[in-house]
Amino acid sequence: MDSQEVGALLEDCLRAANAKAKAKQPSPPSGEAGLSFCRYRDSLCAELASLLHEAVEMKWPFVPEKWQYKQAVSTKDKTNLTDLISQHLHQLLALLKAAIMAQEARWALAVVFLVDRFLYWTDDSSRLLKITKLLHRCHPDAPVAPQLVIRQARVYLNAGKLQKAEYILSSLINNSGATGCWVYHSESDRALVQAVSVQVRGLVLQKLGLWLEAAELIWASLVGYYALPQPDKKGIGMSLGILANLLVSMNDEDYHAFRTNPDVDLSALGDRSHRLLSAAEAAKMAVVYSQYTSLFVLTHVATQGTCLLSYSFSAECPSSERDSYLLQAKEAFEVGLLTKTEGELVTSKQELHTFLKAAYSLTVTHKWLGTSSEVLTQATQACQKALALFYDYCHAASQERDSLCADIMHLVVQVKLLLQVEPFPSSDRGSFIPDSYRNIKDRPVNFTLAGFARVMGRFQKYHASLCEATDKNKKQDKPGHKSSANSHAVPRSLAHVSSSCNTGSDSEKFEVIEAAQETVGSEEDWIPDVVDGSLKPTGTSGAAQSLSQLTLRTSSSSLNDSFSSRSSWEKISSYTCSPANNNPNPAGQSKPIGLSSKSTESDESFYLIETPDSEASDSTNDPKHQSATSGRELRATSNPQPLQSFDVDPNAETEMCSVPALFDGLEAFPYQEAHPWIQWRSRHPLQLPLNPCVSFSLGGLHLKFSRATGLWTARETCLYVGDEMGEEGKQRRAIWVQFLHQEERLSNYVGKDYLEPKEIQFHFKDVERQMTAQYYVTEFNKSLYDKEIMAQIFFIPSEALLILSGDEIVGCITVEPYMLGDFVKLTNNTVKKDMRFQATEYGIAFGHFTYLFSDCQEVVVDLQGWVTANGKGLTYLTDPQIHSSKTPMGRSNFAERGLRCFLEEQHGPECNDICRKLKLPNPSLKSLTTYSFRSLI
């Protein structure tokens with residue numbers, strides 16, 4: 001069945017469910033409806049009929065694959081449920097409609113249960129979850145499978161509704177998987193639901209850039225999967241793959257903390273001497289565990305290849321072994337590209353994205369193996385064209401997706417032909433991996449359900465508190481209850497929404513079904529308002545267009561309030577200066593899509609770029625600090641090409657700066673030792689007249705900053721700069737961005753672009769400031785937890801994308817995950833504070849904490865973002881400002897004056913309740929002049 005036909009059948013089912021839900025006094029089903037239901041049910045093949053009966057009987061909380069729990073896998077077990085569902089999808093959807101019409105809710109929900117995973121991977125979860133909601137509303141006694149409840153959390157996560165995803169997952173974890181009237185047949189089934197829930201919560205923290213904390217949760221899920229009576233190979237593979245990605249992203253300091261955690265045993269990963277080698281081994285194990293599912297193999301080998309490619313450029317990789325690791329990375333990417341043959345249908349957005357990532361990464365690997373530049377240029381152009389088509393696919397109508405998918409995969413096949421990807425020998429029919437992968441050692445582990453319960457007990461306090469805070473807030477939000485704080489929250493939905501899906505309606509809400517057979521809150525709150533992706537973007541200038549199939553509505557003031565806040569967007573934190581080069585102006589450009597863009601300056605691997613600890617200068621404001629940038633040469637960490645001098649005349653009228661080959665094996669350098677090219681670029685904004693109305697696909701560098709280590713890391717990627725989101729402020733505008741190495745493949749990312757050309761420091765300091773705030777707030781959250789205060793604050797991770805056209809820099813933007821929810825401004829960077837939100841009280845206590853933690857030298861202010869439970873639950877923040885006496889005063893770093901303003905005005909002479917609970921000393925300037933907060937922790 002093609003996408004259009006599936007969409008039509010789902011729409012029929014949704015209309016039928018809507019009609020039943022709207023009936024004030026539902027009439028008994030007609031005899032004809034009952035007969036039709038029986039006829040469709042009895043027409044199923046024996047295998048499907050058996051699965052359906054088991055689903056009705058609640059035999060398992062997740063529909064299992066045949067190979068998932070078996071040690072010895074036979075030939076007949078090497079098929080996937082998706083294949084069976086795909087062959088009989090028309091029958092199953094016809095049965096779903098017949099069951100709805102006959103009011104056979106248990107059978108209808110069982111059908112939804114069976115087709116859920118298949119439709120999720122074909123990007124059709126939206127309508128299926130709406131049908132589930134309507135069935136639950138009409139038949140609250142019918143059991144809803146835990147798989148469907150967790151599916152809703154996944155959809156929320158992808159849509160940027162992290163608060164709602166967190167609540168669902170915490171409820172399942174806190175209540176041992178209890179959901180409505182679902183009956184578990186064994187305690188191990190409850191443990192499985194908890195393991196999946198904690199795994200998905202690990203993905204939430206991954207999206208927030210909390211890689212160490214996410215890794216701890218993923219490890220807990222691994223313990224759960226291994227501890228089952230029959231270990232869950234699919235779950236183990238997924239968690240190992242996620243863990244590999246987390247190890248790649250985290251810094252060495254966090255890796256040491258994770259590796260030495262007494263609750264974590266990484267011996268199963270073999271060589272643990274290097275973070276990237278551990279990550280590569282975890283990814284390879286994930287491949288072997290899930291070798292009978294093409295999507296999982298593709299996903300995990302792409303991760304494995306990334307790890308190996310990154311390690312090949314690390315300082316620890318012996319130069320004599322570099323080519324060996326490059327060849328292993330090449331093999332991994334080729335294995336992924338061979339999971340589909342030409343002409344095979346690909347229906348999953350994640351699968352398409354990962355194919356593109358594997359094709360592009362293989363191209364980068366070939367570059368470092370010496371493949372001809374002509375071949376590389378053609379392969380890179382094909383990847384860029386495919387990414388542009390993928391952007392269109394993400395918000396295309398269902399009838400257009402099949403042709404777009406075929407065009408994308410045709411370009412992927414072109415890359416395979418250009419790079420001479422050949423089939424590999426495999427002695428196991430049905431497996432998607434070569435024999436060379438079968439040499440992995442099966443290391444025994446000793447995990448038990450009792451041990452898993454102990455691990456989960458460590459998180460119990462947090463999840464119980466989150467559920468309690470959210471439940472209390474929902475009771476306050478019932479009709480008739482007035483909340484002055486919520487009435488002033490600005491919906492940041494950034495979207496076109498149909499009349500049936502208005503923000504704030506009951507369809508926006510979601511509640512987890514409790515064990516007591518009742519829903520938390522109103523019965524109308526079970527499923528969300530995920531908008532169907534068939535809506536086409538309008539051609540209106542400034543119209544919001546999403547990278548996913550969700551269409552979103554822009555509030556008239558939310559984003560604009562943030563963008564126009566000088567304190568939020570104009571700030572230049574003088575925390576650390578960084579290297580890497582480029583210009584601020586991103587978004588569109590005058591060159592057409594498909595422009596050749598072979599980048600020669602870096603590889604897919606990470607490069608570490610060291611910034612000075614905390615004494616970096618705001619060179620745009622303090623002349624004496626400008627002289628700190630000397631012309632000393634960069635340090636190369638691996639042998640390939642030596643660094644060449646690149647002298648640029650600062651007085652030359654150049655619109656684009658050519659990128660020298662200085663990223664070849666670059667490990668780390670202080671900003672003061674930057675190459676002359678970087679120095680010149682950082683002092684001179686690009687003057688390229690970029691066109692914000694033109695979308696384009698180009699190469700680029702994806703750069704991350706770690707405040708803990710003071711290092712930047714970079715790797716080459718392919719990016720697509722899409723449409724503007726329709727709002728801009730005095731300093732910047734927001735645009736949709738898609739790039740191949742984004743942390744979450746299915747999530748939307750927002751690019752922030754200065755309206756006027758700026759020096760490179762503006763972009764990098766925006767990232768450094770936000771990641772510094774994240775560093776401080778992580779320590780603050782630990783203090784809250786230690787004092788049994790369960791509210792938590794997070795800063796959305798910010799990263800930089802350096803946009804390249806060939807070997808020329810044409811722009812730079814900062815990017816962060818898209819968030820959906822009520823956007824509020826808690827404080828500004830001077831004296832204002834909105835005390836209608838309890839989150840503001842936490843925010844001021846956070847500023848107090850930061851001041852002490854930084855030895856009375858810094859304070860994080862200008863807090864704005866998304867709150868839950870009026871601030872007593874989870875708060876997600878973005879675009880902070882930091883007043884710092886460590887660095888010269890800047891345009892919005894008020895240094896000592898800013899510190900004094902916070903202490904005397906925003907905080908005031910008296911501590912609030914949160915400060916007192918944390919036992920923070922009163923921050924009077926006199927008493928804290930020589931105070932060292934670190935002595936207390």
Side-chain angles (χ1 to χ4, degrees), residues 244 247-248 250-252 255-256 259 266-267 269-285 287 301-336 358 360-373 375-376 419-422 424 434-441 599-610 633-645 660-669 673 675 701 709 711-716:
L247 294 179
V248 170
M250 71 173 58
N251 57 56
D252 290 332
Y255 176 63
H256 176 74
R259 186 165 60 92
L266 294 182
S267 59
L269 301 185
D271 184 0
R272 291 166 289 153
S273 60
H274 197 282
R275 171 175 51 86
L276 293 173
L277 291 179
S278 292
E281 186 69 7
K284 187 174 182 180
M285 291 173 64
V287 173
V301 292
T303 300
Q304 182 201 8
T306 299
C307 300
L308 294 167
L309 192 52
S310 297
Y311 180 70
S312 73
F313 283 93
S314 70
E316 292 82 0
C317 179
S319 58
S320 60
E321 297 179 21
R322 180 173 182 263
D323 282 355
S324 172
Y325 284 105
L326 285 171
L327 289 171
Q328 290 179 57
K330 173 177 172 288
E331 180 189 31
F333 296 130
E334 289 178 343
V335 170
Y360 183 79
S361 299
L362 180 61
T363 303
V364 171
T365 306
H366 271 271
K367 178 175 68 176
W368 296 107
L369 288 170
T371 300
S372 72
S373 59
V375 169
L376 294 173
L419 301 181
Q420 299 179 4
V421 177
E422 299 291 339
F424 50 77
D435 290 337
S436 59
Y437 273 64
R438 304 186 197 283
N439 61 3
I440 195 166
K441 294 181 180 179
S599 173
T600 60
E601 73 300 355
S602 86
D603 77 335
E604 147 118 358
S605 66
F606 282 106
Y607 309 103
L608 299 181
I609 302 171
E610 181 180 353
E633 191 167 296
L634 300 175
R635 301 192 298 275
T637 65
S638 51
N639 59 337
Q641 295 85 6
L643 296 173
Q644 302 172 355
S645 67
L662 57 80
F663 290 97
D664 299 358
L666 180 64
E667 181 201 9
F669 62 87
E673 298 181 10
H675 195 280
L701 283 180
T709 62
L711 296 177
W712 282 87
T713 59
R715 58 183 169 190
E716 192 170 353

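None of the values given here were measured: they were computed from a predicted structure.
Across Ala244 and Ala279, no two heavy atoms sit closer than the pair CB-O, 3.3 Å.
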**OP:** Assess whether side-chain contact (heavy atoms from CB on, under 4.5 Å) is satisfied between Asn251 and Arg275, documenting all intermediate values.
**Re:** CA-CA 9 Å; Asn251 57 56; Arg275 171 175 51 86; 6.0 Å; no

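Each of Leu308, Leu309, Val248, Asp252 was scored for a side-chain contact (heavy atoms from CB on, under 4.5 Å) with Leu276, with one residue passing: Val248.
With sequence neighbours excluded, the residues forming a side chain to side chain contact (heavy atoms under 4.5 Å, CB included) with Thr371 are His366, Val375, Leu376, listed by chain and number. In this structure, the side-chain hydrogen bond (donor to acceptor under 3.5 Å, both in side chains) partners of Asp435, at least two apart in sequence or on a different chain, are Ser427, Arg438. Every side chain to side chain contact (heavy atoms under 4.5 Å, CB included) that Glu331 has, sequence neighbours left out, goes to Val335, Pro434, Ser436, Tyr437.
For the atom pair OG of Ser278 and CZ of Arg259, the computed distance is 7.5 Å after rounding to the nearest 0.5 Å. In this structure, Leu327 CG and Glu334 CD are separated by 9.5 Å, a value rounded to the nearest 0.5 Å. Note that CG of Leu369 and OG of Ser312 are 8.5 Å apart. Values are rounded to the nearest 0.5 Å. The line from CD of Gln328 to OG of Ser324 is 4.5 Å long, rounded to the nearest 0.5 Å. To the nearest 0.5 Å, the span separating CG on Leu247 from OG1 on Thr303 amounts to 11.0 Å.
Here the side chains of Arg322 and Pro318 are not in contact, with every heavy-atom distance at 4.5 Å or above. Counting only heavy atoms from C-beta outward, the side chains of Tyr311 and His274 approach each other to under 4.5 Å. Two residues are said to be in side-chain contact when any heavy atoms from C-beta on lie closer than 4.5 Å; Tyr325 and Leu277 meet this criterion. When side chains are defined from C-beta on, Val421 counts as touching Leu362, because their heavy atoms get closer than 4.5 Å. Looking only at side-chain heavy atoms (C-beta outward), Thr365 and Phe333 come within less than 4.5 Å of each other.
If you check the side chains of Tyr360 and Glu716, you find a donor sitting under 3.5 Å from an acceptor.
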